[in-house]
Protein chains: 2
Amino acid sequence: MNPIIKTRGSALLAAFFASAVLGSAAESATRKGPTMADVLAASQPGDWRRLDPEDTLYLDFTDGRVVIELASDFAPRHVANVKALAREHYYDGLAIVRVQDNYVVQLADPDAEKPELARKIQRAQRTLPAEFQRALDPKLPFTRLPDGDVYAREVGLSEGFPVARDRRSGKMWLVHSYGMVGAGRDNAADSGGGAELYVVIGHAPRQLDRNVTLLGRVVYGMERLSALPRGTGPMGFYDKAEQRIPIRTSRVAADLPESERTDLEIMRTGTPAFTELIESRRNRREDWFQVQAGRIEIGNVPVPVRLNSQGVR
Amino acid sequence: MNPIIKTRGSALLAAFFASAVLGSAAESATRKGPTMADVLAASQPGDWRRLDPEDTLYLDFTDGRVVIELASDFAPRHVANVKALAREHYYDGLAIVRVQDNYVVQLADPDAEKPELARKIQRAQRTLPAEFQRALDPKLPFTRLPDGDVYAREVGLSEGFPVARDRRSGKMWLVHSYGMVGAGRDNAADSGGGAELYVVIGHAPRQLDRNVTLLGRVVYGMERLSALPRGTGPMGFYDKAEQRIPIRTSRVAADLPESERTDLEIMRTGTPAFTELIESRRNRREDWFQVQAGRIEIGNVPVPVRLNSQGVR
């Protein structure tokens, strides 16, 4: 491993222990250590992984692609159903029908409320039992953040996904943050299933946690959703049909030939390199920073993604 | 006061005391109590205030207006300087030059780096001493949130502005969250002054707190900034001059005739009604919610704004 990362070992440990102390202690923390750019430059091939094409969903718009990594460890039935919907081409020709500022973008059948016009589902399910949380499995990857959370007892990352855990209830769950993808539902808990999807485009709406099934995360092309014109109808729905943004096609990556896949690599989050990255964000060493926070909130942890420029598998 | 609000008094107090207990305690909290819609419907004229036109800055684009409330209690020199800049029409013809996804929009002189082309400042200041934090003044309004914060000892609202306090250091400061406006700077702490402004358009980048002078908050027209095309240059700068979004004019509201002002009312945050509103967001009583968070993070507290439809002063 690169010496830049190695030399951070002891300082990193010290910073973790000091994290219970707020404010002035953090301000006096040493500046020595890598920036995120250093961590990325020093990263090794093993610090990155390719997306599993069976757990990767593409949303293709006329001007480009959004790539979603599906969270099969957390919402297995919803993930299977979203893939089944994509495989019967259910999403093709549906549209972004809602863009609410600092909240969500929503993809749906614009005619969902009209029985005679609504798109029919062939083999997939219209609705599913809720997967709001799951049993806490200590074998699932979990890189715990050291600085706590306003909403949950423990938060951290499970291979890129933001996760909360509660040992008392014995549960863990995906948490709402920028780019997270969920299955819209009506008032009944089991009224969602993935036929309508939403993506968080603003400050993490954590009040939604454990209220709706999160099933994935946008890892590429987020700006195709976040920069869309906001809807002026109630809750950000587009008033007029022509404002909607059509989905050209949606496919599971595994179903496309390799030449049509987006060859992404995502940084692993259970590695020493990623622990260094977290630390580089808790205490920013770039010259610009006058004060180091000494802390980090789950919504501010970046998970780097890169196009695999070498084209190597 | 409306009975809906009155009957919430005791339940609210209980919820505050219970706030140290996470998770299951919150889930079993009663559903009884008003929703935010109830709180707004029951609000009285005294629960609202009009913006002070001397502390209100307009950014007028060809397609509409962005309204910024200036935080003269927290950055008095920067606020005075931004007003001086607006009054000498410094911002007119400048542009949005940077839109970085999930981070900031930045307004600047595109020719700032070219001495012969850069816009000259007449009477205002180019740079000012930093106003990253200020002495904690217990006389300033402060509605403390009950659920803590990852970054600061205390957080709350000071008449609409998100604020952190630290009794140990004796300081208080504005915190970065959606819509907050700051003065861009170079590496030196005193290299900003308001000639370049940025606005947060993503998840609260709290690592910037106490590193840069925040001076206001967008209270209207946020979607004119947040939905702009993201820049594809480094740090989200627009690559090409024609991508920039020109500022037509920027004025202090007090300098415009009343007929040209945007007549906004903003909800007061130091009132019993606003405490009810916070509680309605900590524990969502809408039928859709299956689980109530029982907690709220500073970035998720809405501060309602409305157009004063009656036109009454």
Side-chain angles (χ1 to χ4, degrees), chain A residues 22-24 27 99 101-102 130 132-133 145 147-153 166 168-169 171 177-179 185-187 189 200-212 222-224 226-230 232 281-284 286-300, chain B residues 22-24 27 99 101-102 130 132-133 145 147-153 166 168-169 171 177-179 185-187 189 200-212 222-224 226-230 232 281-284 286-300:
Chain A
L22 272 166
S24 51
E27 287 170 47
V99 183
D101 196 52
N102 194 25
F132 298 164
Q133 52 186 347
L145 295 183
D147 303 309
D149 182 67
V150 170
Y151 291 91
R153 291 184 183 280
D166 188 326
R168 283 202 208 177
S169 69
K171 300 289 186 186
S177 66
Y178 195 78
R185 66 165 175 84
D186 294 328
N187 280 2
V200 173
I201 61 164
H203 188 83
R206 296 288 304 278
Q207 69 278 6
L208 299 180
D209 290 358
R210 295 181 293 163
N211 274 296
V212 62
M222 186 62 198
E223 69 284 357
R224 294 191 198 288
S226 58
L228 290 174
R230 276 45 179 162
T232 51
R281 303 302 278 189
R282 295 178 73 237
N283 289 300
R284 296 290 292 263
E286 293 90 346
D287 290 340
W288 185 87
F289 281 84
Q290 305 279 327
V291 173
Q292 297 179 302
R295 308 181 70 75
I296 197 162
E297 189 260 328
I298 182 73
N300 281 322
Chain B
L22 271 168
S24 53
E27 287 169 48
V99 183
D101 194 53
N102 193 25
F132 299 162
Q133 53 186 348
L145 295 183
D147 303 310
D149 183 66
V150 170
Y151 292 92
R153 291 182 184 281
D166 187 326
R168 281 203 209 176
S169 68
K171 300 290 187 185
S177 66
Y178 196 79
R185 65 164 175 85
D186 294 329
N187 280 3
V200 174
I201 60 163
H203 188 83
R206 298 285 305 278
Q207 70 277 6
L208 299 180
D209 290 358
R210 295 182 293 164
N211 273 296
V212 61
M222 186 63 197
E223 69 285 356
R224 293 190 198 289
S226 57
L228 289 174
R230 277 44 180 162
T232 52
R281 303 302 278 189
R282 294 179 73 235
N283 289 300
R284 296 290 291 263
E286 293 89 347
D287 290 339
W288 185 88
F289 282 84
Q290 306 279 329
V291 172
Q292 297 179 303
R295 310 181 67 77
I296 196 161
E297 189 259 329
I298 182 75
N300 281 322

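First the proteins, then the strands, lettered A, B, ... as listed; each starts at 1. All figures in this text were calculated on a predicted structure; none of them were measured in a lab.
The parts of Ser226(B) that come within reach of chain A are both its backbone and its side chain, each placing non-hydrogen atoms under 4.5 angstrom from that chain. For a residue to count as touching a neighbouring chain, one of its non-hydrogen atoms must lie under 4.5 Å from one of that chain's; by this rule Ile298(B) does not touch chain A.
Put simply, CG on Asp186(B) and CG on Asp287(A) are 12.5 Å apart, with the number rounded to the nearest 0.5 Å. Interatomic distance, Arg224(A) CZ to Arg230(B) CZ, rounded to the nearest 0.5 Å: 12.5 Å. The CZ atom of Arg295(A) sits 14.0 Å away from atom CD of Gln207(B), with the distance rounded to the nearest 0.5 Å.
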Report task. Give the intermediate values and the outcome of side chain to side chain contact (heavy atoms under 4.5 Å, CB included) for residues Glu297(B) and His203(A). Result -> CA-CA 10 Å; Glu297(B) 189 259 329; His203(A) 188 83; 2.7 Å; yes
**Report entry** Check against side chain to side chain contact (heavy atoms under 4.5 Å, CB included), Val212(A) and Phe289(B)
**Finding:** CA-CA 9 Å; Val212(A) 62; Phe289(B) 282 84; over 6 Å; no
Query raised in the report: Where do Asn211(B) and Trp288(A) land on the side chain to side chain contact (heavy atoms under 4.5 Å, CB included) test, with the steps shown first?
Result: CA-CA 8 Å; Asn211(B) 273 296; Trp288(A) 185 87; 3.8 Å; yes
Requested in this report: Start with the C-alpha distance between Gln290(A) and Arg185(B), add both sets of side-chain angles, then the distance that settles side chain to side chain contact (heavy atoms under 4.5 Å, CB included), and finish with yes or no.
Outcome: CA-CA 12 Å; Gln290(A) 305 279 327; Arg185(B) 65 164 175 85; 3.4 Å; yes
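Closest non-hydrogen pair, Asp147(B) versus Val150(A), comes out as O-CG1, 3.8 Å.
When the candidates Gly202(B), Ala189(B), Pro229(B), Gly148(B) are compared by the number of heavy-atom contacts under 4.5 Å with chain A, Ala189(B) comes out ahead.
Taking 4.5 Å as the limit, some side-chain heavy atom of Tyr151(B) sits within range of a side-chain heavy atom of Ile296(A). The shortest side-chain heavy-atom distance between Asn102(B) and Met222(A) does not fall under the 4.5 Å cut-off.
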